[in-house]
Amino acid sequence: MPGWPAGPLGSSGPMIDTRLLLDDFEVTAARLARKKVDPALPEAARDLARRRREQVRRVDEARSAMNAGSARVGALMRAGRRAEADDLRAELASRRAEVDELEATLREIGAELDDVVLRIPNLPADDVPDGAGEEDNVVLRTHGFDPSVYAGAKWAPHWEVAERLGIFDAERAAKLSGGMFSVLRGDGARLLRALVTFALDLNRDHYEEILPPHLVRTETISRTGHLTKFDTQAYRVRDDDLWLVPTAEVPLMGLHQGEILPEAGLPRRYMAYTVCWRREAGAAGKDTRGLQRVHEFHKVELVKLCKPEDGEAELEALLADAERPLQILGLPYRVVLLCAGDLTFSASKVYDLEVYAPGVDKWLEVSSISLVTDFQARRGQIRFRREGGGVEFVHSLNGSGLATPRVWAAILELGQQPDGTVRLPAALAPYLGRDAIG
RNA sequence: GGAGGGAUGGCAGAGCGGCCGAAUGCGAGGCUCUUGAAAAGCCUUGGGAGGCGACUCCCCGGGGGUUCGAAUCCCUCUCCCUCCGCCA
């Protein structure tokens with residue numbers, strides 16, 4: 001079913017409900033302020049939304065008059081009163097011009113409103129802590145991390161470990177595709193495949209596994225908020241109107257775009273393993289060594305659609321689902337609650353999961369568990385029908401179920417042995433048929 | 001890639017440019033009848049915007065055009081079906 005109704009503004013990108021700006025401006029502006037939004041933005045949006053509403057009324061009135069006149073022409077024609085019909089017709093032609101003019105103005109206001117609204121992020125949840133940026137995030141808990149184990153000892157970075165074992169070939173990857181690409185070999189390739197299968201198997205009872213296309217339309221990707229003036233992360237296929245998915249979240253969220261789901265069908269829980277492509281524009285020189293940041297990687301993504309009142313509970317459950325593989329693999333990690341100022345554009349509340357990698361001595365972000373509320377659903381027109389009647393937007397959530405190559409890299413750094421081999425998590429033995437590489 | 005046909009409400013399926021947001025059937029919900037159920041009968045049953053409300057406006061795959069007026073005519077895009085070609 002191609003072609004779903006355009007959003008209220010007929011624009012691209014996710015957006016907040018302008019009605020919040022119209023009906024509850026003070027509270028909404030205060031919440032946006034916590035996200036470090038320029039206060040001029042919500043004010044401008046409110047003013048434009050008002051102007052737009054007024055203009056809609058003018059257009060409707062003019063059109064109503066037009067429609068009534070046209071109906072009268074029809075009636076006159078049927079009555080055989082030709083001359084009168086012709087007179088009225090001539091008169092209506094000029095009214096037509098009037099309507100066209102009013103509509104043009106409406107479009108202008110709409111475009112201006114669009115321009116402002118698209119820069120307004122989702123509202124932060126009330127229980128998200130205040131803060132300006134990364135430094136104000138809150139580490140909620142740390143799991144399986146004993147700093148004394150890593151103090152002093154010599155831990156090689158994963159690229160050294162991997163190249164020594166011959167399972168990672170950065171040089172040939174560069175030859176094939178350039179920097180920030182990878183070639184995995186032998187047990188390295190198998191380890192990655194094992195991680196993916198392990199994660200899918202782990203969640204098979206709670207999520208429906210989807211194998212989606214890796215190329216999506218402009219329409220699909222822009223309605224998830226991953227293609228905006230400000231987001232140039234995705235690769236475009238040159239000769240077709242298609243984009244390589246930067247995350248499986250894009251096709252998964254796209255699944256129900258334009259649909260009205262039955263309440264009984266919620267929540268929907270989907271998972272998908274896909275390759276992910278990201279241009280990483282603007283990240284030049286950051287984490288370029290090894291596999292912390294690459295243009296092409298493999299990931300199992302979890303996505304949920306639920307009723308608004310279930311969002312919080314689903315978020316906690318999603319967090320648990322993302323932690324489980326790290327626990328079973330025995331990786332030291334911590335749970336970070338992002339402060340309002342560090343929240344991503346579309347999210348209202350986010351937990352980051354970070355695995356400790358001793359070789360680079362860093363906490364690597366391996367999952368970002370996000371509650372998006374109705375922000376994406378509004379843009380994608382994903383709704384549900386209450387059993388008692390009434391149609392509302394669903395709330396959406398997403399997070400990585402398991403993200404390579406960072407988990408892959410962490411396993412290599414954490415498992416390294418004095419003899420140069422790498423001990424692998426026992427949970428992967430069924431997939432690899434061994435417990436060590438080298 | 002080439003040739004042709006199609007897209008209408010939850011589904012099926014009508015719709016001479018005005019009386020069509022849209023017949024009819026099915027499905028769903030409510031009511032009547034009934035001890036209960038079935039059958040039968042009556043009524044309701046898409047989404048969005050605005051208004052206290054009467055009500056008004058927009059949407060018949062998407063976008064654009066012709067016209068006083070478009071589900072209906074024209075252009076274009078997308079998708080689906082049939083046939084031919086190619087192919088893992």
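No experiment lies behind these values; they were computed from the predicted model shown. Sequence lines set the chain letters: A, B, ... in the order given, protein chains first and strands last, and positions in each chain run from 1.
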State the pairing partner of [N]; accept Watson-Crick or G-U wobble contacts with both distances under 3.5 Å, and report none otherwise.
| N | answer |
| --- | --- |
| B/A12 | B/U24 |
| B/U72 | none |
| B/C79 | B/G6 |
| B/G1 | B/C84 |

Side-chain donor or acceptor of A/R63 paired with backbone N/O of A/V99 under 3.5 Å: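 No.
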
A/D115 side chain to A/A111 backbone, donor-acceptor under 3.5 Å: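 Judged by distance alone, no pair lies under 3.5 Å.
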
Below 4.0 angstrom, N of the basic side chain to O of the carboxylate: do [X] and [Y] qualify?
| X | Y | result |
| --- | --- | --- |
| A/D100 | A/R96 | yes |
| A/E263 | A/K307 | yes |
| A/K304 | A/D310 | no |
| A/E280 | A/R278 | no |

Interatomic spacing from CG in A/N122 to OG in A/S348 - rounded to 0.5 Å: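 So the CG of A/N122 and the OG of A/S348 are separated by 5.5 Å.
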
Considering only atom [atom1], compute the distance from [N] to [M] and round it to an integer number of Å.
| N | M | atom1 | result |
| --- | --- | --- | --- |
| B/C26 | B/U44 | P | 16 Å |
| B/G18 | B/U24 | C1' | 23 Å |
| B/G10 | B/G47 | C1' | 13 Å |
| B/C43 | B/G5 | P | 43 Å |
| B/A70 | B/G17 | P | 14 Å |
| B/A71 | B/U32 | P | 40 Å |
| B/G6 | B/G61 | P | 14 Å |
| B/C79 | B/G85 | C1' | 22 Å |

Residue mapping more 5' on RNA chain B - nearest nucleotide basis, A/A93 or A/G74: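 Taking each residue's closest nucleotide, the earlier one in sequence belongs to A/G74.
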
5′-ward residue of the pair A/A90/A/M77 relative to RNA chain B: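 On the 5' side of the pair lies A/M77.
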
In whole Å, what is the span from the [atom1] atom of [X] to the [atom2] atom of [N]?
| X | N | atom1 | atom2 | value |
| --- | --- | --- | --- | --- |
| A/R378 | B/G48 | CZ | P | 12 Å |
| A/D240 | B/G1 | CG | C1' | 14 Å |
| A/L88 | B/G18 | CG | C1' | 13 Å |
| A/E259 | B/G61 | CD | P | 18 Å |
| A/L102 | B/C58 | CG | P | 14 Å |
| A/L215 | B/U78 | CG | P | 15 Å |
| A/L92 | B/G18 | CG | C1' | 13 Å |
| A/E61 | B/A49 | CD | C1' | 14 Å |

Across the strands shown, which category fits [X] at heavy-atom distances under 4.0 angstrom: base, sugar-phosphate, nothing?
| X | result |
| --- | --- |
| A/R19 | sugar-phosphate |
| A/M66 | sugar-phosphate |
| A/R95 | nothing |

Heavy atoms from C-beta onward define the side chain here; which of [options] lies closest to that of [X]?
| X | options | answer |
| --- | --- | --- |
| A/V391 | B/G47, B/C57, B/A49 | B/G47 |
| A/S70 | B/C68, B/G48, B/C57 | B/C68 |
| A/R96 | B/C57, B/G69, B/G47 | B/G69 |

Under-4.0 Å side-chain N/O to phosphate OP1/OP2 contact, A/R385 with B/G10: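 No, A/R385 has no side-chain N/O under 4.0 Å of OP1/OP2 on B/G10.
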
Presence of A/N67 side-chain N/O under 4.0 Å of B/C58 phosphate oxygens OP1/OP2: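 Checking A/N67 against B/C58: at least one side-chain N or O falls below 4.0 Å of OP1 or OP2.
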
